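Lettering follows sequence order; numbering is per chain, from 1. Worth knowing before you read on, the calculation uses all heavy atoms, side chains too, and leaves out hydrogens, waters and symmetry mates. In this text the structure is predicted, and so the values were computed from the model without any measurement.
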Amino acid sequence: MEYNFREIEAKWQKFWHENQTYKTNNSDNRPKYYILDMFPYPSGAGLHVGHPLGFIASDIVARFKRLQGMNVLHPMGYDAFGLPAEQYAIQTGRHPEDTTRENIARYRQQFDRIGFSYDWSREIRTCAPEYYKWTQWVFLQLFHSWYNCDKQKAEHIDSLIAHFEQEGFNDDLHRYLTGDIEHDLKPFSASDWKQFSEKEKSDVLLNFRLAYLSEAWVNWCPAMGTVLANDEVKDGVSERGGYPVERKRMPQWSLRITAYAERLLSGLDTIDWSESMKEAQRNWIGRSEGTSLKFQLDGHAQSIEVFTTRPDTIFGVSFLTLAPEHELVDQITTAEYRNAVSDYINEAKKKSERERQADVKKVSGQFTGAYVLHPFTQAKVPVWIGDYVLAGYGTGAVMAVPGHDSRDYAFAKHFALPIIEVVKGGDLSVESYDAKTGELVNSDFLNGLDVKAAVRKAIEEIEKHGIGKGKINYRLRDAAFGRQRYWGEPIPIYFKDGIPCPLAENELPLILPQVDKFLPTETGEPPLARAANWKYQDKYDYEWTTMPGWAGSSWYFLRYMDPHNSTEFVAQEAANYWKNVDLYFGGAEHATGHLLYVRFWTKFLFDIGKIQVDEPAQKLVNQGMIQGTSMVGHVRVERNAGEEEKYILLPPGKAIKDETFHKNYLIDFVEFADGKYFIDQNGAAKTRAKEATFRNYHLSADRIELTPATEKMSKSKFNVVNPDDICDQYGADTLRLYEMFLGPLEQHKPWNTNGISGTYNFLRKFWRLFYDQSGNLLLNDASAEKAELKVLHKTLKKISEDIEKFAFNTCVSSFMIAVNELSDLKCHKRTILEPLVIALSPFAPHIAEELWSKLGHTTSVCLERFPKIDTSYLVEDTFDYPVQINGKMKFKHTASLQDTPAQIEAGILASDEGQKYLEGKTPKKFVVVPGRIVNIVV
RNA sequence: GCCCAGAUGGCGGAAUCGGUAGACGCGCUGGUCUCAAACACCAGUGGAUUCACUUCCAUGCCGGUUCGACUCCGGCUCUGGGUACCA
């Protein structure tokens with residue numbers, strides 16, 4: 001009986017399904033373990049071999065934790081709202097709901113074929129109304145909350161209203177304002193508050209709500225009638241279609257994540273995530289300590305506020321730079337400069353934020369004609385605008401100190417502005433001196449101090465004069481939460497006389513309505529504006545934007561705990577039992593998106609008392625990306641009777657002309673020979689038949705070499721490898737082992753099936769410990785020899801240690817070594833093989849179940865316990881010491897592990913080899929590391 | 001530009017605390033079995049040198065620390081990822 005993976009895998013997948021082997025209960029006397037994968041977006045291309053890498057790893061850990069006697073929660077679901085489905089709907093008219101459902105069905109089939117141990121009764125889909133009802137519910141909680149910075153937690157908005165009713169709002173309470181829109185709010189008294197209209201009250205409260213409506217800068221594409229992400233904009237035009245894009249201020253729903261900046265930062269110290277991941281979040285949050293400082297405008301009532309981390313350089317200020325979008329620019333620009341300024345602003349508008357930040361070399365700016373007065377010297381300081389200053393960061397204005405800031409230096413040099421030295425230590429004729437050490441000069445009351453002391457003194461003086469105060473600033477911005485899209489959660493808000501009003505909880509879910517087209521309206525309103533009579537109580541317009549892709553994923557880990565609850569987002573008992581994720585697997589690319597938002601929502605739900613944990617995941621593991629191999633050819637376009645004919649050319653370097661381009665070619669019909677890749681006429685004909693894109697592609701010779709390139713796996717690059725194909729050919733167990741065997745989990749690596757036969761052979765060899773080639777059972781009940789027990793326990797020890805370290809590649813190696821050694825020992829003993837089957841079951845569950853049943857068991861191997869490791873079999877009494885001469889290994893010397901270094905030294909000196917290598921010389925030094933090595937220095 | 005990660009045979013990779021560099025697998029070479037092939041099994045396989053014993057060179061590059069460095073330190077090159085004119 002040969003190893004027949006097709007039969008075995010189908011049999012056990014059916015068994016697990018019928019017996020609900022992986023169903024998990026929310027109460028149990030075993031310790032809990034929650035292991036989660038970042039759920040996938042169900043794309044039309046299906047799963048490729050890159051997806052399962054993390055899923056297989058987490059499945060191994062989940063199965064291992066079960067064997068260790070834990071109650072394991074290991075669920076899977078779908079992040080099902082998103083742009084690709086909507087884009088497809090725009091092109092084809094098919095409803096995203098239908099295509100998404102089909103894609104999910106395909107994903108599920110592929111998942112099942114790989115033998116994952118998910119509890120599918122807990123599956124969630126973010127696009128299901130039963131799910132997004134609760135996403136909308138969280139939004140309402142955010143809307144009804146404000147951040148009390150005195151208590152450092154979110155509270156119901158009523159406590160703030162009570163405050164206003166008693167005391168109104170004064171300058172002292174400015175500290176409660178945490179977001180980007182604080183400049184607008186003027187003080188008011190308690191009686192003012194009481195006399196405010198509903199609209200006025202609503203506007204005031206929007207400055208505090210954690211979900212709020214405000215104006216925000218976006219990339220607006222008038223031709224498409226929509227807002228674009230930074231990636232969708234290239235060189236000032238939309239990537240799709242090439243339409244002009246400009247920066248525009250639009251009303252936007254935002255979430256006040258900035259209120260949580262400090263806690264998002266300090267919380268990192270409590271979780272076991274990789275240092276690089278934490279660093280990414282720290283850099284994103286970007287805490288900096290400095291001073292806010294007001295510069296009085298010359299001839300205007302207003303002042304310009306700046307934030308600086310270098311108040312010590314206040315006497316080095318030679319100009320101010322405002323972001324072109326700064327609200328004061330229009331008012332302060334003098335008639336003389338009006339045209340130049342508005343030209344500059346128009347140019348800046350065409351650039352995306354990313355583009356403005358990318359070009360470090362090119363300096364641009366424009367003088368406004370206005371001046372501010374230096375707060376200490378009263379000197380007139382010119383006010384410029386420059387696109388290196390971003391409106392969204394700090395106050396959107398910089399006090400420029402060209403002597404000690406390289407960007408300001410470049411700006412000053414370019415426009416011939418004065419450069420003043422205020423800290424000694426550099427040569428300002430060459431470059432700015434940015435270091436934070438040195439003695440202050442040219443700085444009045446700061447002269448003679450070092451930088452640190454000068455910073456303190458400057459803040460002191462600034463505060464004394466009432467022109468500013470010490471402040472902590474964050475780079476983090478509030479998160480834009482509205483999208484001009486159809487395929488997302490509707491925001492549960494309607495507008496009554498211009499006032500945004502929340503739905504009541506019992507009115508949820510607000511179901512996504514049907515629309516005739518998935519496009520903006522002719523007047524540029526979002527797609528939801530097309531929905532017929534989509535009004536609250538038939539009267540009031542609903543909010544037309546939908547939630548962003550990250551909304552549903554910001555709390556999904558909680559829903560898995562209690563996925564079918566129709567009265568609560570999660571039952572208290574379930575939330576208190578599972579608490580948070582013990583081990584979270586996912587890609588590092590989510591560092592500053594999903595992983596920051598989910599931490600924010602978790603802290604918020606903790607604040608309002610809905611859950612007992614304030615971090616979503618205790619430990620995080622990032623798996624690397626599996627890249628694909630693309631076949632790249634050079635293509636030349638020729639016109640033939642009006643029809644374009646494209647020719648794939650001879651090898652690179654020959655006959656390549658200017659008008660050629662690179663084309664990724666289908667890997668399916670490429671021939672591999674002598675380490676090179678070729679396509680011939682036959683392959684080209686098959687390609688034309690298979691993919692419409694290649695209809696007009698021909699070869700310029702009978703056989704052409706293609707160049708391999710390693711890049712991200714993607715349908716459009718024709719380099720996707722489908723796990724189904726591997727399952728067909730080798731089976732799921734081989735796929736699982738091979739993906740783990742490829743290398744360390746976190747590392748990026750190209751997919752290459754060259755070595756897959758090795759893991760397949762290993763499984764067959766394992767099988768042959770039970771059956772000989774003619775199918776006779778070899779298993780026997782003889783008692784085990786010491787050598788066999790040693791192999792077993794050495795392997796068990798290595799496996800359990802390496803799983804904890806997520807070193808799955810070396811786990812597979814050590815299984816291979818064990819099977820090789822047991823084969824050499826001709827060991828077919830139940831006492832050895834039975835524990836080994838259990839240890840293998842997390843990695844290759846199908847074959848493990850089959851052999852477990854062949855061993856005579858009637859229950860699943862998944863329900864067993866991991867075998868106990870007996871290290872006494874591993875103890876040695878002698879050791880083969882490698883003996884080095886001057887650090888180079890020369891020979892081995894066997895000695896008892898009981899021997900003292902002196903005894904070992906004597907033994908080596910007396911041995912033939914010792915004599916030979918020393919040639920009668922006396923060693924200068926004799927190093928003996930017991931149980932490790934000997935090094936003789938001569 | 002800055003931050004993070006990485007670089008080891010023909011290939012994927014191993015080396016857990018500074019201690020035998022190349023485990024394990026692929027590929028390749030030779031052999032056994034076979035009419036032949038496939039499978040399986042056995043042996044070999046970093047490079048140079050040598051008939052051989054041996055010796056030398058080897059973990060991106062250059063230095064350093066150490067009895068001993070893939071591992072630690074300083075400098076550099078390249079690759080991948082992230083990303084801010086962050087004041």
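Distance from the side chain of A:Lys890 is smallest to B:rC56 among B:rG13, B:rC67, B:rC56. Minimum atom distance to the side chain of A:Ser757 is reached by B:rC26, of the listed B:rC67, B:rC26, B:rG19. Of the listed nucleotides (B:rU16, B:rC67, B:rG13), B:rG13 has the atom at the smallest distance from the side chain of A:Gln747. For A:Glu279, the listed nucleotide lying nearest its side chain is B:rC3; candidates were B:rC3, B:rU16, B:rC26. The side chain of A:Ser813 sits closest to B:rA23 out of B:rA23, B:rU16, B:rU20. Considering only side-chain atoms of A:Arg932, the nucleotide from B:rC42, B:rC17, B:rA14 that sits closest is B:rC17. The nucleotide whose nearest atom lies closest to any side-chain atom of A:Ile817 is, among B:rC24, B:rA87, B:rA40, B:rC24. If you check B:rC3, B:rG19, B:rA87 against the side chain of A:Asn283, the one that comes closest is B:rC3. In this structure, the nucleotide among B:rA40, B:rA87, B:rC67 sitting nearest to the side chain of A:Arg768 is B:rA40. In this structure, of B:rU83, B:rA40, B:rU20, it is B:rU20 that holds the atom nearest to the side chain of A:Met889.
Judged by distance alone, the side chains of A:Tyr881 and A:Asp899 never bring a donor and an acceptor atom under 3.5 Å apart. No hydrogens or angles considered: nothing links the side chains of A:Tyr474 and A:Ser288 as a donor-acceptor pair under 3.5 Å. Between the side chains of A:Thr894 and A:Asp880, a donor-acceptor pair is found at a separation under 3.5 Å.
The pairing partner recorded for B:rU49 is none, the criterion being a Watson-Crick or G-U wobble arrangement whose two distances lie under 3.5 angstrom. The partner of B:rC35, taking Watson-Crick or G-U wobble pairs whose two distances both stay under 3.5 Å, does not exist in any strand shown. With a cut-off of 3.5 Å on both Watson-Crick or G-U wobble distances, the partner of B:rC17 is given as none. B:rA58 is unpaired under the criterion used here, namely a Watson-Crick or G-U wobble arrangement in which both key atom distances are under 3.5 Å. The partner of B:rA7 is B:rU77, judged by Watson-Crick or G-U wobble contacts that both fall below 3.5 Å. Figure legend. B:rC72 is base-paired to B:rG64; pairs are counted as Watson-Crick or G-U wobble with both atom distances under 3.5 Å. In this structure, B:rG30 forms a base pair with B:rC42, meeting either the Watson-Crick or the G-U wobble geometry with both donor-acceptor distances under 3.5 Å.
Rounded to whole Å, atom P of B:rA87 lies 18 Å from atom CG of A:Leu322. Between the P atom of B:rA69 and the CD atom of A:Gln884 lies a distance of 9 Å, rounded to the nearest Å. When the C1' atom of B:rA40 is taken as reference, atom CG of A:Asp824 falls 14 Å away, rounded to whole Å. Rounded to an integer number of Å, the gap from CZ of A:Arg407 to P of B:rC2 is 13 Å. Between A:Asp880 atom CG and B:rG19 atom P the separation is 19 Å, expressed in whole Å. Rounded to an integer number of Å, the gap from OH of A:Tyr730 to C1' of B:rC26 is 11 Å. Between the CH2 atom of A:Trp284 and the P atom of B:rC4 there is a distance of 18 Å, given to the nearest Å. One can place CZ of A:Phe741 at 5 Å from C1' of B:rC24, the figure rounded to the nearest angstrom.
Taking atom C1' on both B:rC67 and B:rU77, the two are 32 Å apart, rounded to the nearest angstrom. The C1' atoms of B:rA37 and B:rG19 are separated by 49 Å, rounded to the nearest whole Å. Rounded to whole Å, the P atom of B:rU20 lies 13 Å from the corresponding atom of B:rU71. Straight-line distance between the P atoms of B:rC61 and B:rU55: roughly 24 Å, to the nearest whole Å. Separation of the C1' atoms belonging to B:rG22 and B:rA15 is 9 Å when rounded to the nearest angstrom. Atom P of B:rA7 sits at a distance of 36 Å from the matching atom of B:rA52, rounded to the whole Å. Across the P atoms, B:rC28 and B:rA14 are found 24 Å apart, a figure rounded to whole Å. With C1' as the reference atom, B:rU49 and B:rA36 are 42 Å apart, rounded to whole Å.
A:Lys798 comes within 4.0 angstrom of a nucleotide base, judged by non-hydrogen atoms across all strands. Base engagement by A:Val927 is indicated by at least one non-hydrogen atom pair under 4.0 Å involving a base atom. Using a 4.0 Å heavy-atom distance criterion, A:Asn820 is classed as a sugar-phosphate-only contact. Within 4.0 Å of A:Arg287, counting heavy atoms only, lies no atom of the nucleic acid at all. No contact: A:Lys924 has no heavy atom under 4.0 Å from any strand.
For B:rG9, the base is syn relative to its sugar; the glycosidic angle is within 90° of 0. Syn is the classification of B:rC17, since its glycosidic angle stays within 90° of 0.
Where A:Lys888 and A:Phe879 meet RNA chain B, the nucleotide closest to each residue was compared, and A:Phe879 sits on the side nearer the 5' end. Nearer to the 5' terminus of RNA chain B, by closest-nucleotide assignment, is the contact made by A:Asp802 (compared with the other of A:Ala397 and A:Asp802).
Counting heavy atoms from C-beta outward, A:Trp384 and A:Leu320 have side chains that stay 4.5 Å or more apart.
Using cut-offs of 30° and 60° on the angle between ring planes, the pair A:Phe808 and A:Phe843 is perpendicular. Using cut-offs of 30° and 60° for the angle between ring planes, the A:Tyr771 and A:Trp767 rings count as parallel.
Contact between the side-chain N/O atoms of A:Asn761 and the OP1/OP2 oxygens of B:rC39 is not found at any separation under 4.0 Å. At least one side-chain nitrogen or oxygen of A:Asn809 sits closer than 4.0 Å to the OP1 or OP2 atom of B:rA14.
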For A:Glu801 and A:Lys805, run salt bridge (charged side-chain N to carboxylate O under 4.0 Å, His left out): C-alpha distance rounded to whole Å, both residues' side-chain angles, the deciding distance at 0.1 Å, then the answer.
CA-CA 7 Å; A:Glu801 284 169 359; A:Lys805 288 189 303 192; 5.8 Å; no
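The ring-ring contact (aromatic ring centres under 6.0 Å, His included) test with A:Tyr730 is passed by exactly one of A:Phe5, A:Tyr738, A:Tyr760, A:Phe762: A:Tyr760.
Around the NZ atom of A:Lys278, the shell of radius 6.0 Å holds more than 12 heavy atoms that belong to other residues, nucleotides or ligands.
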